[in-house]
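Encoded as structure tokens, the structure appears first; notes follow it.
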Amino acid sequence: MPHKESEMPMSIGIHDLALATSHHSLDLGNLADHYGIDPAKFRVGIGQDVMSVLASDEDIVTMAADATARILERNGTDGIRTLLFATESGIDQSKSAGVYVHKLVGLPSTVRVVELKQACYSATAALQFAVGLIARDPSQKVLVVASDVARYDLGSSGESTQGAAAAAMLVQADPGLLAVEVPAGVFTEDVMDFWRPNYRSTALVDGKGSIKAYLNAIGGAWQDYLAQGGASWEDFEAICYHQPFTKMASKAHRHLAVLSGHNPTPDEVAHQLEDTMRYNRLIGNSYTASVYVALASLLDHHEGDLTGSRIGLASYGSGSVAEFFGGVVQPGYRAHLRGEEHRAMIEARVALDHTSYEVLHKTTLPEDGREYQTNREGTGAFRFAGMRDHQRLYERS
Ligand code: COA
């Protein structure tokens with residue numbers, strides 16, 4: 001019997017993926033010197049080399065707009081009816097940061113915008129919601145934009161795991177990069193491993209507790225994934241983990257391997273995850289964006305042809321929610337990659353000395369509505385120009 005077009009399973013997933021990060025960076029060797037710590041603790045112990053630091057005229061909106069504008073430059077706006085903005089560094093309790101992005105990048109008014117929050121996890125929820133919208137109407141496309149700045153108190157143990165980045169994804173039917181598969185394993189548990197009360201600009205974290213909570217949640221999500229009919233461990237070419245620091249991905253990978261009856265050595269784990277960690281080692285934690293930074297890193301750096309390979313995505317957000325799902329790399333994916341653009345962006349950051357980093361870290365915005373102008377520092381396409389009457393002001397550079 002001839003196969004009818006309407007019976008063909010439709011593939012939905014990521015068509016294009018663009019990253020953005022900050023104007024500045026801080027080498028963790030610099031932080032180690034300042035605190036008199038062995039730099040190997042950072043480079044080897046937590047697996048981080050450099051972290052991105054925002055200029056005073058950058059924030060989650062400018063990074064998100066930068067990444068989204070590059071998606072639109074290549075793909076146009078046809079079919080886009082939704083922008084889902086994932087962040088845990090919200091700039092307003094009411095208004096979605098995505099609405100500022102909508103204006104900055106010139107999206108039409110026929111695009112709905114909403115912000116999603118669940119620590120580092122919400123971009124994965126956004127991706128799944130996008131897939132659902134497109135399954136209902138395959139002519140529609142969805143922008144999923146994750147943007148975050150990870151900030152901890154100076155002198156705290158979390159300080160070395162700061163960072164900043166945005167990942168913008170165009171999600172659509174017949175995607176160019178990665179088709180998202182149906183089985184997804186999820187795990188939710190109320191734990192206080194990491195949180196940021198409304199009155200704080202820096203997060204609070206039970207570091208060791210968060211490692212345990214991450215492992216427990218990702219293990220639970222993996223077991224649910226298998227129960228949902230997911231692929232087996234051996235069917236994955238690579239797995240991209242949420243990376244608050246890259247060593248965490250190694251711990252999680254080993255944990256899932258052991259749950260699946262394997263016992264990889266640390267060297268084997270490091271080799272298996274190497275390509276997924278290249279950008280995160282240099283950017284630091286980017287919360288919601290982190291697992292998609294890992295995906296970009298894998299696709300941009302993997303030497304062999306990944307066409308048809310199944311990639312696992314392991315997402316974790318403290319508090320906590322985890323999700324594990326798979327995606328299949330699409331034929332011709334290399335034509336959609338942005339490796340040179342991403343590497344150039346990371347290399348172009350201006351390294352800070354420790355004093356300038358501390359000054360930036362201590363800079364606070366007025367809370368009394370008075371007019372405030374930021375210094376012109378960043379060289380990206382968009383600027384956070386300042387505040388007036390309790391409103392944030394953005395402009396093209
Ligand atoms: N050379 C090599 N490794 C070294 C070292 C050295 N000189 N000194 C320490 N290490 C290793 C430790 O053995 C440890 O490795 P292990 O976890 O595999 O045992 C690692 O470096 C970290 O050392 P530790 O003493 O635990 O560091 P810390 O007290 O500063 O805490 C974090 C590290 C990651 C817990 C802390 O930075 C943090 O809380 N970050 C935020 C965590 C987060 O983002 N959680 C969000 C939820 S995912």
Side-chain angles (χ1 to χ4, degrees), residues 26 28-29 31-52 86-89 117-124 146 148-165 187-196 200 202-221 240-256 258 264-267 269-270 273 276-277 280-281 283-294 313-324:
L26 184 76
L28 291 191
L31 205 63
D33 282 353
H34 180 77
Y35 290 113
I37 294 172
D38 179 356
K41 173 174 173 182
F42 298 148
R43 301 205 195 284
V44 182
I46 62 169
Q48 291 301 132
D49 293 324
V50 184
M51 64 193 191
S52 285
T87 189
E88 58 170 307
S89 320
K117 176 170 68 187
Q118 175 30 57
C120 305
Y121 162 70
S122 66
T124 296
D148 266 306
V149 49
R151 293 183 83 243
Y152 299 91
D153 285 340
L154 296 175
S156 69
S157 68
E159 187 180 359
S160 54
T161 57
Q162 298 178 114
F187 181 92
T188 295
E189 185 182 29
D190 183 3
V191 268
M192 292 305 284
D193 58 328
F194 170 104
W195 68 106
R196 182 167 69 84
R200 288 183 61 98
T202 51
L204 295 165
V205 60
D206 166 6
K208 303 283 189 288
S210 78
I211 294 173
K212 278 198 199 122
Y214 181 132
L215 294 178
N216 186 46
I218 217 69
C240 301
Y241 292 86
H242 167 53
Q243 296 173 20
F245 48 98
T246 65
K247 183 83 169 288
M248 186 66 235
S250 304
K251 289 177 193 282
H253 191 64
R254 206 181 132 66
H255 183 61
L256 295 193
V258 168
T265 64
D267 280 353
V269 170
L273 297 186
T276 73
M277 293 173 165
N280 282 293
R281 283 191 78 91
I283 287 175
N285 196 356
S286 56
Y287 291 162
T288 52
S290 165
V291 66
Y292 300 98
V293 172
L313 277 296
S315 185
Y316 174 72
S318 290
S320 69
V321 179
E323 179 159 341
F324 188 99

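As the structure lists them, so they are numbered: ligands from 1, and atoms in each ligand from 1.
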Looking at Y214, Y152, F42, the heavy atom closest to atom 44 (O) of ligand 1 belongs to Y152

Logged contact type for S318 with ligand 1, heavy-atom cut-off 4.0 Å, is side chain

So the atoms of ligand 1 within less than 4.0 Å of a heavy atom of F245 turn out to be 34 (C)

Donor on one side chain, acceptor on other, T246 and N280, under 3.5 Å: no

Scanning both residues in full, the closest heavy-atom pair of R151 with Q162 reads CA-OE1, 3.5 Å

Short version for K247: what comes under 4.0 Å of ligand 1, heavy atoms counted, is side chain

Ligand 1 to G158, heavy atom cutoff 4.0 Å, flagged ligand atoms 37 (O), 38 (C), 40 (N)

Looking only at protein heavy atoms, what sits closest to atom 39 (O) of ligand 1 is G207 CA, 3.2 Å

of all protein heavy atoms, closest to atom 41 (C) of ligand 1 is T161 OG1, 3.3 Å

Smallest heavy-atom separation, F187 atom then A221 atom, equals CB-N, 3.7 Å

of all protein heavy atoms, closest to atom 32 (C) of ligand 1 is S157 O, 4.7 Å

Is_contact(atom 36 (C) of ligand 1), protein non-hydrogen, under 4.0 Å
yes

Distance col, row L28:CG vs E159:CD, nearest 0.5 angstrom, shows 9.5 Å

Closest to atom 45 (N) of ligand 1 among protein heavy atoms sits S210 OG, 3.0 Å

TODO: Report yes or no: do T87 and D148 form a side-chain donor-acceptor pair below 3.5 Å?
DONE: yes

* Short N or O distance, D38 and ligand 1, threshold 3.5 Å exclusive -> yes

**Prompt:** So, T161 versus N285: side-chain donor-acceptor pair below 3.5 Å or not?
**Reply:** no

Heavy-atom proximity to atom 17 (O) of ligand 1 ranks first, among K41, K251, H242, K208, for K251

#### Entry: Step-by-step ring pair (Phe, Tyr, Trp, His ring centres under 6.0 Å) determination, Y214 to Y241
CA-CA 11 Å; Y214 181 132; Y241 292 86; 7.4 Å; no

query: Hey, is the main chain of R281 close enough, under 3.5 Å, to the side chain of D49 for a donor-acceptor pair?
result: no

Of all heavy-atom pairs linking A32 and P39, the shortest is CB-CA, 3.8 Å

- Under the side-chain contact (heavy atoms from CB on, under 4.5 Å) criterion, do Y35 and K41 qualify, and how do the steps go? CA-CA 12 Å; Y35 290 113; K41 173 174 173 182; over 6 Å; no

So for P244 against ligand 1, with non-hydrogen atoms under 4.0 Å, the contacting part is side chain

With the threshold set at under 4.0 angstrom, would you say R43 reaches ligand 1 through any of its heavy atoms? no

Query raised in the report: With a 4.0 Å cut-off, would you call D206 and K212 a salt bridge?
Result: no

The protein heavy atom nearest to atom 21 (O) of ligand 1 is G45 CA, 3.1 Å

Quiz question for you: does at least one protein heavy atom lie closer than 4.0 Å to atom 12 (C) of ligand 1? no

Between Y316 and ligand 1, is there a nitrogen or oxygen pair with a distance under 3.5 Å?
no

Short check: is a protein heavy atom less than 4.0 Å from atom 7 (N) of ligand 1? yes

What one should report as the nearest heavy-atom pair of T276 and C240 is CG2-SG, 4.1 Å

For this session: Look at the side chain of K247 and the backbone N and O of G47, then say whether any donor-acceptor pair between them is shorter than 3.5 Å.
Result: no

Flag D193 as yes when one of its N or O atoms lies below 3.5 Å from any N or O atom of ligand 1, and as no otherwise. no

min-distance protein heavy atom vs atom 33 (C) of ligand 1 -> I46 CG2, 4.4 Å

Ranked by distance from atom 2 (C) of ligand 1, the top protein heavy atom is A40 O, 3.6 Å

